[in-house]
Amino acid sequence: MDQAPALKLFPQTAQIASDGHLHIDGLDVIDLAREFGTPLYVYDAETISARCRAYISTEGYRCALSSHYPAPAEVTYAAKAFLCVRIAQLIASEGLGLDVVSGGELYIARQAGFPTARIHLHGNNKSASEMAQALDTGVGRIVVDSAQELAELAHIAATRDVVVPIWLRVSPDIDAHTHTYRKTGLLDSKFGLPLATGDAARAVQAALSSPYLTLRGLHAHIGSQILELEPFCRTVEALLDLAEEMGRHGFSLHEFSPGGGLGVPYVDADPGIEIETYVRSVSHAVVHGCQTRGLPLPRLVLEPGRSIIGPAGVALYTVGVRKEIPGVRTYVSVDGGMADNPRPALYGAQYTALVANKADQRPIETVAIAGKFCESGDILIHRVCLPYLEPGDILAIPVSGAYHLAMSSNYNHAHRPAAVLVRDGQARIILHRETDEDLARRNVALS
Ligand code: LLP
């Protein structure tokens with residue numbers, strides 16, 4: 001059973017004020033809930049910046065990559081974890097690149113003025129128009145996922161008479177020991193060119209022989225919310241083996257990315273791996289692996305999403321109906337749920353919560369926090385011990401920054417929630433709450 005969480009799961013500026021209210025960056029979240037309504041997603045800029053800088057920094061901070069990797073390195077933020085114009089601008093200002101997986105993400109990145117040379121395009125089924133957009137806007141790297149895509153991209157490049165810098169995404173057949181739906185590096189996966197079947201090696205040769213493609217590097221992403229270091233290191237080894245073998249066919253590994261995937265704790269009992277520990281392990285694996293194979297060190301590119309943005313976000317909900325079933329369970333419903341956070345329903349993801357207006361009170365009852373959507377599976381937290389919850393209380397769920405709003409839906413014609421960014425003691429809206437007009441916009445009435 002989860003106890004009310006220590007603030008360590010919350011953004012680093014979180015504090016409990018003397019009136020028992022949760023504050024983020026000096027702002028009372030109860031005031032934020034009143035001003036902007038709930039459900040509300042609050043992002044703490046200081047936490048985002050600190051987590052970017054833990055990976056890398058352009059400002060001379062001692063960060064993990066510059067301490068542990070003795071060759072050029074970069075970090076691209078995986079936009080799919082959460083993207084809006086303001087966050088893209090913040091990420092750009094921290095000196096990171098951006099990994100996008102669709103024309104839509106690329107469009108928002110461009111709206112933000114994100115330097116396109118620092119954008120990488122991923123995806124297992126990129127459309128011709130997405131690849132063309134990437135070429136026309138000067139996206140830095142296209143990460144090719146299949147032999148079919150390789151041929152298609154070469155054709156698109158030929159019609160424009162340009163040479164495109166690419167990576168190949170390799171499927172190394174490595175188990176990331178995470179939820180099945182988040183494993184992406186097994187042989188049985190829709191992603192990437194399998195090593196085991198020889199497809200990856202054949203794609204390297206095909207890329208090398210194309211006059212319109214420059215094969216700059218190799219990439220693998222084995223999954224997400226990974227809480228062990230060993231699968232990352234095995235991935236490095238597998239890809240360096242391929243690089244060594246392909247060296248005999250004229251391939252040089254200039255750039256290398258073992259993807260993203262570092263997990264974060266969601267509840268107190270979860271193990272956590274510090275960003276620095278992860279970066280050190282991966283860096284050492286690359287350095288050691290290259291040394292033993294006689295390969296020069298490639299530019300190392302990490303692609304974190306969740307570990308940058310997840311712990312920076314807090315979801316605020318207003319408590320509504322209580323339903324007590326003696327001897328069975330007490331359900332406390334809030335004004336959001338699976339439409340803004342489908343993770344519990346999709347992956348059985350666990351969360352904890354704090355009553356933001358009673359953060360100094362002792363937990364006295366174990367309840368289930370239910371959403372308001374028409375599914376019995378719409379339970380945000382199955383068991384959490386909290387102070388007595390009454391209608392109007394504000395519930396704060398930490399580690400809500402990644403893959404909540406990014407995967408939110410309009411189920412039951414819900415309005416997708418607003419998001420605010422707090423910085424220097426001020427809260428600014430970065431995503432508007434949807435309205436009935438937004439919902440109506442796509443409808444066409446029969447005349
Ligand atoms: N690179 C690639 C190619 C990816 O596909 C992903 C995530 C990342 C990097 C970033 O992974 P991260 O550092 O955020 O773990 N909806 C799931 C997670 C899906 C991850 C998709 N790909 C969840 O809510 O747990």
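Order of listing sets the numbers, starting from 1, for every ligand and every atom in it.
Given atom 20 (C) of ligand 1, the protein heavy atom at minimum distance is Tyr403 OH, 3.5 Å. Nearest to atom 5 (O) of ligand 1 among the protein's heavy atoms is Lys80 NZ, 3.3 Å. Tyr347 OH, 3.0 Å is the protein heavy atom nearest to atom 17 (C) of ligand 1. Scanning the protein for heavy atoms near atom 8 (C) of ligand 1, the closest one is His221 CE1, 3.3 Å. Of the protein's non-hydrogen atoms, Ser224 OG, 2.4 Å is the one closest to atom 15 (O) of ligand 1.
Between His122 and His219, the ring centre distance stays below 6.0 Å. Aromatic ring centres of Phe82 and Tyr41 lie farther apart than the 6.0 Å criterion allows. Separation of the Phe232 and His221 ring centroids does not fall under the 6.0 Å cut-off.
Contact annotation for Ala78 and ligand 1: only side-chain heavy atoms (C-beta onward) come within less than 4.0 Å of the ligand. Residue contacts with ligand 1 for Arg343 involve side-chain atoms from C-beta outward but no N, CA, C or O (heavy atoms, distance under 4.0 Å). The parts of Glu303 lying near ligand 1 are both backbone and side chain, judged by heavy-atom distances below 4.0 Å. Neither the backbone nor the side chain of His179 has any atom closer than 4.0 Å to an atom of ligand 1 (non-hydrogen atoms only). Of the heavy atoms in Ile226, none comes closer than 4.0 Å to ligand 1.
Contact atoms of ligand 1 toward Met407: 16 (N), 24 (O) (distance under 4.0 Å to a heavy atom of the residue). Atoms of ligand 1 lying under 4.0 Å from any heavy atom of Arg169, numbered from 1 in the order shown and given with element: 3 (C).
Ser408 contributes atom OG, which lies 10.0 Å from atom CG of Asn341 (distance to the nearest 0.5 angstrom). The distance from the CD atom of Glu245 to the CZ atom of Arg293 is 11.5 Å, given to the nearest 0.5 Å.
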Quiz prompt | Stepwise side-chain hydrogen bond (donor to acceptor under 3.5 Å, both in side chains) test for Glu303 and His120 | solution = CA-CA 10 Å; Glu303 280 176 353; His120 298 170; 4.9 Å; no

Quiz prompt | Check against side-chain hydrogen bond (donor to acceptor under 3.5 Å, both in side chains), Thr76 and Asp99 | solution = CA-CA 6 Å; Thr76 56; Asp99 131 25; 5.2 Å; no

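Taking any N or O of Arg306, backbone or side chain, at least one lies under 3.5 Å from an N or O belonging to ligand 1. Residue contacts with ligand 1: Gly223 is placed with no nitrogen or oxygen under 3.5 Å of a nitrogen or oxygen of the ligand (distance criterion only). Ligand 1 has a nitrogen or oxygen under 3.5 angstrom from a nitrogen or oxygen of Gly261. Between Ser307 and ligand 1, no pair of N/O atoms sits closer than 3.5 Å.
Between the side chain of Asp175 and the backbone N or O of His177 there is at least one donor-acceptor pair closer than 3.5 Å. Within the 3.5 Å criterion, the main-chain N or O of Gly37 finds a donor-acceptor partner in the side chain of Arg433.
Geometric assessment of Arg86 against the ring of Tyr43 yields a negative cation-pi assignment under the 6.0 Å and 45° thresholds.
Remark: distances from the non-hydrogen atoms of Pro304 to ligand 1 include one below 4.0 Å.
Looking at Lys8 and Asp268, a side-chain N of the basic residue comes within less than 4.0 Å of a carboxylate O on the acidic one, giving a salt bridge.
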